[in-house]
Amino acid sequence: MSSSPAELKTEWKSVNKTWGHPFHPMCSYMAMFPPGIPHYFIEKFTKRGDAVLDPFSGRGTTATQACADGRIGIGTDLNPLAYFLTIAKVDPPTLDETLKRIANLEAQQTAQNIENEPEKIQAIFHHQTLSQLVFLKQKLDKKNRTDRFIIASILGIIHGKMKAKMTDSNYLSVDMPNTFSMSPNYIKKYIAEKNLPLLPIDVFEKLRWKVDRLFRDGAPQKKGFASLCDIRDLPEQNIPAIQKKTIKLVVSSPPYLKVIKYGLYNWIRLWFLDIPQETVDKTLDDAHKIKPYLDFMEMASRQVFDVLCNDGVCVWVIGDVQQNGEENIKLAELVWKRLEQTTDFRLIQILEDPIANHKKVTKIWGKSKRGQATKIDRLLVMSKWKKPKISVNSVAW
Ligand SMILES: C[S@@+](CC[C@H](N)C(=O)[O-])C[C@H]1O[C@@H](n2cnc3c(N)ncnc32)[C@H](O)[C@@H]1O
């Protein structure tokens, strides 16, 4: 049976919101997409053992899903937070190794001086919890696989909502959202107004709880790769399928048109990683205007084209934008118009994926910025030279 482009559908919309491997929700990440999106394209365009890449990996959704589907998942990103989340998921230790290391750290723990920690950090953790976090910050080795998994697990629980009666929490901080770090001044006012308690939460106990949940379905079937890298340096990465240019599929959502400040809104997680928030916001790309955005997308598409195999497929997830209250701009269509003229990519399809407004993470900024947030995502699906066959088998959910 011959395949036709019309076979691509937004099937992931009908799948339960929590569908996917338990590693996916390890830590919240702004503008993350659901694992159902990469899963759908992985099943349509790849087979077991193929290499699948996301060069803007974020929390590592595509790379992790690829590993869970028995492919080699590769995630690269310029944000160190994204790197630590992705590498933890695609190259994890075993549950046994993780629990042993946690027990070993717990046995070694000593009280730490917390007075030199920033005031804004002292304001959100009980002094005993902060002492444990400072101890772990010093002990955990970012180059060690097991320690990286523990670091990423802590990033997932470092701040969040307390339980209803405010006498316990699955998170380590005072009551606050888990998705992003509120501004230090806002937190100060919020704590005073609501008279919020700082609970002495035991980091090791919560960490064990978190790790048990993460491993409840075991680790993903295959291991993958991650690197901290600017898309401009993608072809130089020392990852076999990139070096050999055998990437079969790319599924990725590139940076938006100026919506998200990953450093500013992750200052608590970045404190734990010992990375200044300014460095993150200075280095990441976010164009303010359409023309530089299209230039960036042309460059990014060329980089991806270079590492794809001859019938490889690239899926860019791009949200529509509204600027200055004007009409909806279908950015994905503008990107394709540019790529059609400047690259050898062929269009397979542009799929429309309407997003319910309440689901958008960007809503947290309130009205003023909400206008810029997308209500429709479009998936620009393109192939390199030879049109690949779309698998006619229905996707297994
Ligand atoms: C929309 S997010 C991707 C989210 C991801 N799909 C997920 O599910 O978590 C875009 C990503 O692009 C990254 N980024 C921005 N500029 C970059 C660059 N020049 N090179 C590589 N990554 C970059 C950001 O750090 C961010 O993680």
Side-chain angles (χ1 to χ4, degrees), residues 12 20-21 23-41 52-66 68 73-90 152 155-156 179-180 226-237 242 250-266 269-270 273 275 277 279-288 292-293 295-304 307 314-319 321 331-332 353 355 359-362 372-374 377-379:
W12 56 89
H21 192 278
F23 276 14
H24 284 298
M26 177 186 262
C27 177
S28 180
Y29 192 84
M30 289 169 144
M32 58 195 178
F33 54 36
I37 294 184
H39 175 66
Y40 177 77
F41 291 100
V52 179
L53 166 72
D54 185 346
F56 302 110
S57 78
R59 66 170 176 162
T61 315
T62 294
T64 306
Q65 190 54 45
I74 303 166
T76 63
D77 197 296
L78 187 52
N79 183 353
L81 175 59
Y83 166 71
F84 281 105
L85 299 182
T86 306
I87 191 80
K89 295 171 183 181
V90 299
L155 294 174
T179 329
F180 70 107
S227 77
L228 179 64
C229 125
D230 190 326
I231 181 112
R232 293 166 184 85
D233 305 323
L234 181 68
E236 286 83 58
Q237 295 312 295
I242 291 183
V250 168
V251 184
S252 187
S253 58
Y256 290 8
L257 258 175
K258 182 77 180 179
V259 181
I260 296 178
K261 285 268 167 237
Y262 283 100
L264 182 66
Y265 291 108
N266 283 296
R269 292 186 173 115
L270 290 173
L273 287 175
I275 294 165
Q277 69 190 59
T279 329
V280 173
D281 284 331
K282 248 189 252 154
T283 47
L284 296 184
D285 278 281
D286 52 4
H288 304 225
Y293 181 81
D295 292 343
F296 177 79
M297 285 307 297
E298 182 186 331
M299 177 276 295
S301 304
R302 285 179 187 282
Q303 296 297 73
V304 157
V307 298
C314 172
V315 182
W316 289 137
V317 182
I318 302 173
V321 284
L331 211 47
D353 184 7
I355 312 287
K359 283 194 188 155
K360 294 300 292 187
V361 174
T362 33
Q372 294 175 15
T374 52
D377 277 346
R378 280 171 220 276
L379 290 89

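As a basis for the values below, the full set of heavy atoms in this structure was taken, side chains included, without hydrogen atoms, waters or symmetry mates. In each ligand, atom 1 is the first atom listed, and ligand 1 is the first ligand listed.
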task = Please could you name the atoms of ligand 1 that P55 approaches to less than 4.0 Å, counting only its heavy atoms?
result = 21 (C), 22 (N)

query = What atoms in ligand 1 come closer than 4.0 Å to a heavy atom of R232?
reply = 19 (N)

Using modelled atom types only, decide if a donor and an acceptor are shared between the side chain of [X] and the backbone of [Y] within a distance under 3.5 Å.
X: Q237; Y: D233; result: yes
X: T62; Y: V251; result: yes
X: R378; Y: V317; result: no
X: D54; Y: V250; result: no
X: K89; Y: Q65; result: no

R59/D77 salt bridge by N-O under 4.0 Å criterion = no

message = For atom 10 (C) of ligand 1, tell me which residue out of G58, A63, S253 has the closest non-hydrogen atom.
response = S253

key: Y262, Y83, F296, Y29: member with heavy atom nearest to atom 27 (O) of ligand 1   = Y29

Quick check on [X] - does any of its heavy atoms sit under 4.0 Å from an atom of ligand 1?
X: C229; result: yes
X: M30; result: no
X: S57; result: yes

query = Counting heavy atoms only, which part of S252 comes closer than 4.0 Å to ligand 1: side chain, backbone, both or neither?
reply = neither

ask   = Using a heavy-atom cut-off of under 4.0 Å, does the side chain or the backbone of F33 touch ligand 1, or both, or neither?
value = both

query = How about Y29 and Y262: are their ring centroids closer than 6.0 Å?
reply = yes

